[in-house]
Structures are given as structure tokens and as C-alpha cells.
Amino acid sequence: MNKQNVGTNERWASGVGGSALALWGLRRASLPGLLIAAVGAAIAWRGVSGWCSLYGALGIDRAGGEGTVGNLGVKIDRSVVAAAPPERLYHFWRNFDNLPRIMSHLDRVEVLSETRSRWHAEVPGGIPISWEAEIINDQAPQLIAWRTVPGSIVSHAGSVRFTPAGSGTRIDVSLQYDPPGGTLAHTIASFMGADAGRLLEHDLQEFKQALESGRLAA
């Protein structure tokens, strides 16, 4: 198949990680091991061919753009245009209590002060984690930027920018992070369907649809 919809970095990670997973499963010499090996082989083929059937079914094309390595290990940029003015969107995102309503990986956010908050999430496997973040740039109604405080279990920085686009607003979200365990942990997470880039893209599309349908009041 000549058509490709998986980006270069993702193909490399799928090839290496899938092969390692397949070898690990075969060495288990058991039925569960064989099932794991089959999953690893499928992931490895995804890397070799550059084609993902799920991406194809959803109309996603990552061959031309993907998460890149940034100052904190992994950098992800995603955007969406929503039919709402910047002021309305800014005030919704600036209230961090609202974030779990639009970010599926967050359980809750406790607002500690005007600039500090504690984020609670659940990683694959049902393991709860939390970290404290502080706002480092706040330009109403154009930009909100934050980062984790020193000593947090998660090293993370992010920003959301609101730019007028016709009758709506372009929302640009940029995230940089080191998962617990570093870049290798991010790679493993992507094999299990928990890649942060795909999750963020899904969440932004869900936010747009909920906002424009009236299911979400911003």
C-alpha cells in the first residue's frame, strides 16, 4: 500500500516498540504471550507500512505533521476553529475548573489561587496522579500559558491562544511534557492507544461540537 497516514516519528516508534513487544510476547511461551506478540506485530507493521486503519476510518492524516521533541521531551501542537468569540473562549479556559469538561484525561482541577492550581488525572492502568501548575502568561483574551511547579511528578508546560478567524476563533493548543518515566514512557503509551497528540485532537473536536451544538455553555 502506497498511501500513508502515519508520521515519521510515529512510524519509527511503532516499528521499534512493536518489534520489541512481539519478541517479549513470544518469549512468554503462553497464549497471553502469543496475543501480546500479535499486537506487537500489528504495531510493527503499522510502522513499516506507514498506514493505520483506525486513522483511515476516522479521516486522520498524521503523515504531514506530528508531535515533536521539545524542551520537555515531547511537544504537541493542535488547533481547531470554533464558532465563538475569543472573549467567550478565553473566560471558559481561564477558569481551570472547566478543563476536565473538555480534557478527557483530567479528573478534576482544584483552583488554589489566581495563578496556581492542582490537576488530578488518571494514567493508563487506572493509576491516579496529580501535580501543581502555575500560570506564567495571561493576556486576556488572547493567551493563557502555564507550567508545573518544581518538584511535580509530571514536567509539563502548555498554552492556549485564541485568534479571530472569520466569524469564529482559532484555538491553538501547545503542550510540552515529560511523562513519568520520560520519553520512553510516552512511546509505550502511544502503543496502547494513549498518545497525547491523538487524545488532544479528539478533545478539541469534542469541545468544538459541544460548544456549537449548545451542549456546552462557554
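When a residue number appears, it is its place in the shown sequence, counting from 1. Every value quoted in this text rests on a predicted model; they were computed, and no experiment measured them.
- Of all non-hydrogen atoms in S104 and L199, the two that sit nearest each other are OG-CD1, 3.0 Å.
- A salt bridge between D138 and R94 is present, with a side-chain N of the basic residue lying under 4.0 Å from a carboxylate O of the acidic one.
- One hydrophobic cluster, built from ILVMFWY side chains closer than 4.5 Å, holds both V160 and I102.
- No path of Ile, Leu, Val, Met, Phe, Trp and Tyr side chains, each step under 4.5 Å between heavy atoms, connects V80 with L143, placing them in separate hydrophobic clusters.
- The CD atom of Q176 sits 11.0 Å away from atom OG1 of T148, with the distance rounded to the nearest 0.5 Å.
- Proximity of V173 to L204: side-chain heavy atoms (C-beta onward) are separated by under 4.5 Å at one or more points.
- The aromatic ring centroids of F207 and F92 lie less than 6.0 Å from each other.
- A donor and an acceptor atom, one from each side chain of H120 and W131, are nowhere located under 3.5 Å apart.
- Here the straight-line distance linking atom NE2 of H91 with atom CG of N98 works out to 12.5 Å at 0.5 Å rounding.
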Requested in this report: Determine, stepwise, if the pair Q139 / N137 fulfils side-chain hydrogen bond (donor to acceptor under 3.5 Å, both in side chains).
Outcome: CA-CA 7 Å; Q139 301 177 25; N137 198 348; 3.1 Å; yes
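- One N or O on the side chain of E212 and one on the backbone of A83 form a donor-acceptor pair closer than 3.5 Å.
- No continuous path of hydrophobic side-chain contacts links L89 to V81 [ILVMFWY only; heavy atoms under 4.5 Å].
- Side chains of R170 and T163: no donor on one and acceptor on the other come within 3.5 Å.
- Taking each heavy atom of L106 and A121 in turn, the nearest pair found is CD2-CB, 4.2 Å.
- Atom CD1 of I43 and atom OG of S19 lie 10.0 Å apart (nearest 0.5 Å).
- Side-chain atoms of T169 come within 3.5 Å of backbone atoms of A84 as a donor-acceptor pair (strictly under, hydrogens ignored).
- F162 places a side-chain heavy atom less than 4.5 Å from the side chain of W93.
- Between the CD atom in Q4 and the OG atom in S49 there is a gap of 7.5 Å [rounded to 0.5 Å].
- W146 and F96 have perpendicular rings, their planes meeting at more than 60° on a 0 to 90° scale where under 30° would count as parallel.
- Put simply, the side chain of S174 never gets that close to the backbone of G158: no donor and acceptor are under 3.5 Å apart.
- A continuous path of hydrophobic side-chain contacts links V111 to L99 [ILVMFWY only; heavy atoms under 4.5 Å].
- Looking only at side-chain heavy atoms (C-beta outward), R116 and V149 come within less than 4.5 Å of each other.
- Side chains of D77 and D172 form no contact here, defined as non-hydrogen atoms less than 4.5 Å apart.
- Two residues are said to be in side-chain contact when any heavy atoms from C-beta on lie closer than 4.5 Å; P100 and D107 fail this criterion.
- For I136, the side-chain contact (heavy atoms from CB on, under 4.5 Å) criterion is met by E134, A145, R147, not counting sequence neighbours.
- Counting heavy atoms from C-beta outward, L211 and R88 have side chains that approach closer than 4.5 Å.
- With salt bridges taken as basic N to acidic carboxylate O contacts below 4.0 Å, none links K208 and E206.
- With contacts defined as side-chain heavy-atom distances shorter than 4.5 Å, the pair R108/R118 does not qualify.
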